[in-house]
Engineer: 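My questions all concern the structure below.
Chain letters run A, B, ... following the sequence lines, proteins first and then strands; every chain starts at 1.
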Number of protein chains: 2
Amino acid sequence: MQSTTQAVQIAIEELAKLPGIGRKTAQRLVFFLLKRSEGQIEALSRSLINLKKTVHFCEICFNITETSPCAICTSHNRNHKQICVVEEPNDVYAIERTNEYRGLYHVLGGCLSPLDGVGPDQLKIRELLQRLEKGVEEVILATNANAEGEATAIYLNKLMQSFGLQITRIARGIPMGGDLEYADEMTLSRALSERVKM
Amino acid sequence: MQSTTQAVQIAIEELAKLPGIGRKTAQRLVFFLLKRSEGQIEALSRSLINLKKTVHFCEICFNITETSPCAICTSHNRNHKQICVVEEPNDVYAIERTNEYRGLYHVLGGCLSPLDGVGPDQLKIRELLQRLEKGVEEVILATNANAEGEATAIYLNKLMQSFGLQITRIARGIPMGGDLEYADEMTLSRALSERVKM
């Protein structure tokens, strides 16, 4: 197309590869960046390159970290007998923000999804089982509340039965501020069957 | 926060500066990028840096270009007696995609918006008036159909009265595929008052 330059086209294509960003949004971002100074664009680009250069995966919990083992795994202030199993590093980030949990984590790196070719061998399940032999008392399964996350939790629960430890699953129910009227049937039936004493 | 690294924080902050991207989206993008290869991230970063290095503004129409004057301004296949005035380079891109218009463009670099401190001197209006002296026969005002765009079009129309050329404004009306039922009053009243003979 004559009306735009090759550099703009390439930048649009690269941005459109990101999740949730289509060609229209990518185009808007590019025209926004063109108005910014060279320094501002370089700061953005450098931050992205640094991501991959300085961020590694913790050899114990597979969370992202700059030093391996990570700060959580080496902390003396945390309960090393409790492991919370999550799918992705951003789940760790979400749980840490609650400031409620003081145990360790284990990041699976995804969830069981046979259609996408993700089986037990693609996840850090073997590494999780190895950790269980070192005095762990409770495993909290905090995989997502969708079909794949539930399947992964059920699979892990079965696998860990022989270890003789407490296995728990995070509660499903009505979210805070949620109206019963707008809750879907699955959520509401879960909230009913998993009701707790007041 | 202990659960994430400094490089991740910086990347999230840089991405969140982009329009339409909040902290949550920025976070999702960063975790997506962490899963990509170093080469893929570098391709993205390089494309952004190249943007500013290779993209300039055409000295005639102020559209973005790699060579100045731009390919449209120097083309012999286009009608040099017709100038379409738009707000931003992406508007040129949008009109070019219709494959309907064969004249030249003039990119104002925004629209009149006193509240944002954008007056006539911040736009390429003087440069537009200079171009009109070189045998231009028609100016098409294609600023956006919002309050600022309309004000800019009215201002330019008044300014160009003395040049004795045809000044037109792109049609406002019901968009293709639009239901009358869902059209707002302004659009519908415009569509009625600017009705054309079938």
Engineer: Is it true that Leu108(B) and Ile154(B) fall in one hydrophobic cluster, defined by side-chain heavy atoms closer than 4.5 Å?
Structural biologist: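 Different clusters.
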
Engineer: I would like to know whether Val8(A) and Ile64(B) meet side chain to side chain contact (heavy atoms under 4.5 Å, CB included); could you show each step before the answer?
Structural biologist: CA-CA 9 Å; Val8(A) 168; Ile64(B) 51 167; 3.6 Å; yes

Engineer: Which of the residues Thr65(B), Val30(B), Leu29(B) is involved in the greatest number of heavy-atom pairs with chain A at under 4.5 angstrom?
Structural biologist: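 Top count of heavy-atom pairs under 4.5 Å with chain A: Leu29(B).
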
Engineer: Any link between Ile60(A) and Leu132(A) through a network of hydrophobic side chains (Ile, Leu, Val, Met, Phe, Trp, Tyr) touching at under 4.5 Å?
Structural biologist: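 Looking at the clustering, Leu132(A) is in a separate group from Ile60(A).
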
Engineer: Checking heavy atoms, do the side chain of Ile21(A), its backbone, both or neither come under 4.5 Å from chain B?
Structural biologist: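 Just the side chain, heavy atoms under 4.5 Å.
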
Engineer: Count the heavy-atom pairs under 4.5 Å between each of Ala7(A), Pro19(A), Gly20(A) and chain B, then report the option with the highest count.
Structural biologist: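 Heavy-atom pair counts peak at Pro19(A).
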
Engineer: Between Ile170(B) and Val92(B), is there shared hydrophobic-cluster membership here, with clusters defined by ILVMFWY side-chain heavy atoms closer than 4.5 Å?
Structural biologist: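 Yes, Ile170(B) connects to Val92(B) through the hydrophobic network.
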
Engineer: Under 4.5 Å from any heavy atom of chain A, what part of Gln27(B) do you find: side chain, backbone, both or neither?
Structural biologist: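 Only the side chain of Gln27(B) comes within 4.5 Å of chain A.
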
Engineer: First locate atom CD of Glu88(B), then atom CZ of Phe32(A), and finally report the distance between them rounded to the nearest 0.5 Å.
Structural biologist: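 It is 12.0 Å, given to the nearest 0.5 Å.
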
Engineer: Who wins among Leu51(B), Thr54(B), Asn50(B) for the most heavy-atom pairs under 4.5 Å with chain A?
Structural biologist: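 Looking at each of Leu51(B), Thr54(B), Asn50(B) in turn, Leu51(B) comes out on top.
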
Engineer: Which residue out of Ile95(B), Leu33(B), Ile10(B) racks up the most heavy-atom pairs below 4.5 Å with chain A?
Structural biologist: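 Among Ile95(B), Leu33(B), Ile10(B), the one with the most close pairs to chain A is Leu33(B).
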
Engineer: Using a heavy-atom distance cut-off of less than 4.5 Å, which residues of residues 34-49 of chain B contact chain A?
Structural biologist: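 When heavy atoms of chain A are the reference, residues 34-49 of chain B contributes Leu34(B), Lys35(B), Arg36(B), Ser37(B), Glu38(B), Gln40(B), Ile41(B), Glu42(B), Ala43(B), Leu44(B), Ser45(B), Ser47(B), Leu48(B), Ile49(B) within the under-4.5 Å range.
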
Engineer: Can you confirm whether more than 12 heavy atoms, excluding those of Gln161(A), are under 6.0 Å from its CD atom?
Structural biologist: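 Yes - once you tally the heavy atoms of other residues, nucleotides and ligands closer than 6.0 Å, there are more than 12.
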
